[in-house]
2 protein chains.
Amino acid sequence: MEFALAGIRDIATRAGASIATVSRVINGSGYVSPSMRARIETVITEMQFRPNAGAASMRRGKSRMVGVLLPALDVKFFGILAHVIEQALFARGYHAFICCSSESPDREAEYIAAMLAQRVDGVIIASVTSDTVTAARLTAAGVPIVAVDRAIAGAVTVKADHYAGGRLMAGHLLGLGHRSIAVTGAPEHSTPVTERLAGVRDALAAAGLEPVAVRLGDEHGFEACRDLAAGMLDDGVEADAVIGLTDLAAIGAIHALHERGVAVPQDVSVIGFDDMPMARYVIPQLTTVAQPIREIGALAVEQIVRLMTGEPLSEEQPPALSVIERGTTARRPA
Amino acid sequence: MEFALAGIRDIATRAGASIATVSRVINGSGYVSPSMRARIETVITEMQFRPNAGAASMRRGKSRMVGVLLPALDVKFFGILAHVIEQALFARGYHAFICCSSESPDREAEYIAAMLAQRVDGVIIASVTSDTVTAARLTAAGVPIVAVDRAIAGAVTVKADHYAGGRLMAGHLLGLGHRSIAVTGAPEHSTPVTERLAGVRDALAAAGLEPVAVRLGDEHGFEACRDLAAGMLDDGVEADAVIGLTDLAAIGAIHALHERGVAVPQDVSVIGFDDMPMARYVIPQLTTVAQPIREIGALAVEQIVRLMTGEPLSEEQPPALSVIERGTTARRPA
DNA sequence: TTGTAAGCGTTATCAG
DNA sequence: CTGATAACGCTTACAA
């Protein structure tokens, strides 16, 4: 015996009130006498009543739901980001509609359509494509949007300064006396990765240097990253330090190095980027540049909420990146 | 100049048709003459029309949305699970409403309420509490439910056989000649962890043994796991092998061991559980018991869809667990 | 302080 | 083959 969820009418009848009054107590709007309110509240809990969000949204023109479109959830970085955003949204009374584009532009477009259909009040997105069209689609519909981690031209963007992060990685190695620096990273077409690389190149150039090798790949899994570094090593590249454009790329490099009998950091230093938990799993633990991911998520939520409520944007910026010195970097052997 | 999204009426007027006809082409239901259909479709794309899902759901009594309630997204296991489930659901025409209970029963209840409000057609849940009340809440409302990873009494459950996994871990070590086996793991109150422990104990008992130590904790982060093992070692526990009830617990143990100058696997063997990507990050790579997480997610979706559509349940079971032998286990030194 | 009634944007049932 | 029209469950003026 399965019952349809109770409706506002059922509550009204059972409590001997009108649906308007019930609505008032649900939303805490307008006056309701204490006795009436008590009676209605009792019935509501008795009948396990939950106002139909779809109906409310339709009537109200607001869904209190925000779309969150990320490339993946099974990639640690985005898993954390999704988690932070979801929790922050919830704390402010919004629900997250989380979707994974799987790095596919088509998929991304389909999800944008779904979000439009759900009448989300706003969207937080780490867009696969840096083109403006998906953003335009949303803005045309009057849906505010904030880009996270990956910028979108013309949209409010919350992200770390990956370029600066690149400079930090190179700078740290340079400060340790390294001069022959190789770079590996993936996925190749991700803008954050590209920006970090640019930072690395510029910092090196400022010292009159350039990378002894740069190896980028599309696959960003562990095996792929290790193979990327392995290929480089087997091609005879001689480096006294390697920069992983992500922590995983760095860890892959460590494995490739280890398999070839070169000691980290005694023979070669390795530095990563992100400071994901995995950075501490390897022995010695990975030196890396920490990205303030939780603050980024929180700020993205702050901005979308302001956009949705019409408040002025926050001037706040995510905290700067910083080098976390651990065990995989050392002064260049003399 | 921001426009409200177009409605079905706008389309109807602009195409010189009735809303009923427009509805027909949207849903592909009933007959519509080709010419009319073409005209309407043009207008729909021109105006970027997206039918309001809330309204449709209200009218239809089906939202094509399923709630997915997990303890977290920033824990790799659940990140992967969420990803798999989301993609599988999407492929079948459903949208996922993903929520994180953060291991809090109260939070879980709030999300159940939210899902009820969204009128989800079904729920997939890895429940924090093994009690039946949250499930009952859903079933009372006629919402089908499938439990994933963590069983719920009376509900369709899709999970690995953690108990068997525990036996596998112990069995592998026993087969290698180890006799003094210690166990660490977290979070302590998670049923999968508890079940694995039971499997370990039983397999050991069958060999006339019992763990030389069992250290469980609530925190399941890296530091916490390492400290757990460190405490055990510092208390003078002598083991020739340690079982990590999760990969992270195992990795924490490896670090604790390493810090104390004991070599893995020469002096002590270590085995984990889950076969998360992290198992391959450590050197040597972690021997572990692989859990068929993607298949579990896919099967959970299969079952909830059957429940929602009234089809009989699938008899299929998730594939069995298996030991992935890598570098952290070795025969007991003579 | 509470009730009546008019929608919100769809879908589905009838007629035509 | 197409068009009125009645719900669906709620919020919100406007009355009482």
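As the structure is a prediction and not an experimental result, all values here were calculated from the model.
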message = Taking B/Lys159 first and then B/Glu195, would you say they form a salt bridge - that is, a charged N and a carboxylate O separated by under 4.0 Å?
response = yes
Tell me whether the side-chain N or O atoms of A/Arg24 pair up with the base of C/dG3 as donor and acceptor below 3.5 Å, since no angle test is needed here.
yes
note: B/Arg59, atom CZ; C/dT10, atom P; distance rounded to Å ~ 14 Å
Original post:
Base, sugar-phosphate, or nothing for A/Ala17, non-hydrogen atoms under 4.0 angstrom?
Top reply: sugar-phosphate
Whether A/Asp121 and A/Arg60 form a salt bridge (side-chain N of Lys/Arg under 4.0 Å from carboxylate O of Asp/Glu) is what I want to check. no
A/Ile19 atom CD1 is separated from C/dG7 atom P, nearest whole Å, by 15 Å
Taken to the nearest 0.5 Å, the spacing of A/Ile304 CD1 from A/Ile124 CD1 works out to 5.5 Å
Between NZ of A/Lys62 and C1' of D/dT12 the distance, given in whole Å, is 16 Å
- Message: When you measure from the side chain of B/Ser104 to the backbone of B/Arg107, do you find a donor-acceptor pair of N or O atoms at a distance under 3.5 Å?
- Response: yes
Considering only heavy side-chain atoms of B/Ala20, the closest of D/dT2, D/dT11, D/dA4 is D/dA4
With five pairs defining each end axis, the helix from C/dT1-D/dA16 to C/dG16-D/dC1 comes out bent, to 10°, by 40°
Rounded to whole Å, the CD1-P distance (B/Ile8 to D/dC8) equals 18 Å
Item to complete: Answer yes or no: is there an ion pair linking A/Arg150 with A/Glu103, defined by an N-O contact shorter than 4.0 Å?
Response: yes
Comparing nearest nucleotides in DNA chain D, the 5'-proximal residue of the pair B/Val32, A/Ile26 is B/Val32
Whole-Å distance, A/Arg39 CZ to C/dT1 P, equals 15 Å
Using a distance-only test with no angle check, is there a side-chain donor-acceptor pair under 3.5 angstrom linking A/Thr21 and A/Ser18? yes
In whole angstroms, the gap separating P of D/dG3 from CZ of B/Arg37 amounts to 14 Å
Worksheet item: Would you call the rings of B/Phe97 and A/His95 parallel, tilted or perpendicular if under 30° counts as parallel and over 60° as perpendicular?
Response: perpendicular
- Query: Can a donor-acceptor pair under 3.5 Å be found between the side-chain atoms of B/Arg119 and the base atoms of D/dG9?
  - Reply: no
Taken to the nearest whole Å, CD1/A/Ile11 to C1'/C/dG3 is 18 Å
Winner on side-chain proximity to B/Ser33, out of D/dC8, C/dT10, D/dC1, is D/dC1
Closest to the 5' end of DNA chain C, once B/Gly54 and A/Gly16 are matched to their nearest nucleotides, is A/Gly16
Looking only at C/dT10, D/dT2, D/dT12, the nucleotide nearest the A/Ser23 side chain is D/dT12
Of the listed C/dG3, D/dC8, C/dA5, the closest approach to the B/Met58 side chain comes from D/dC8
Separation of D/dT11 atom P from A/Asn52 atom CG, nearest Å, is 9 Å
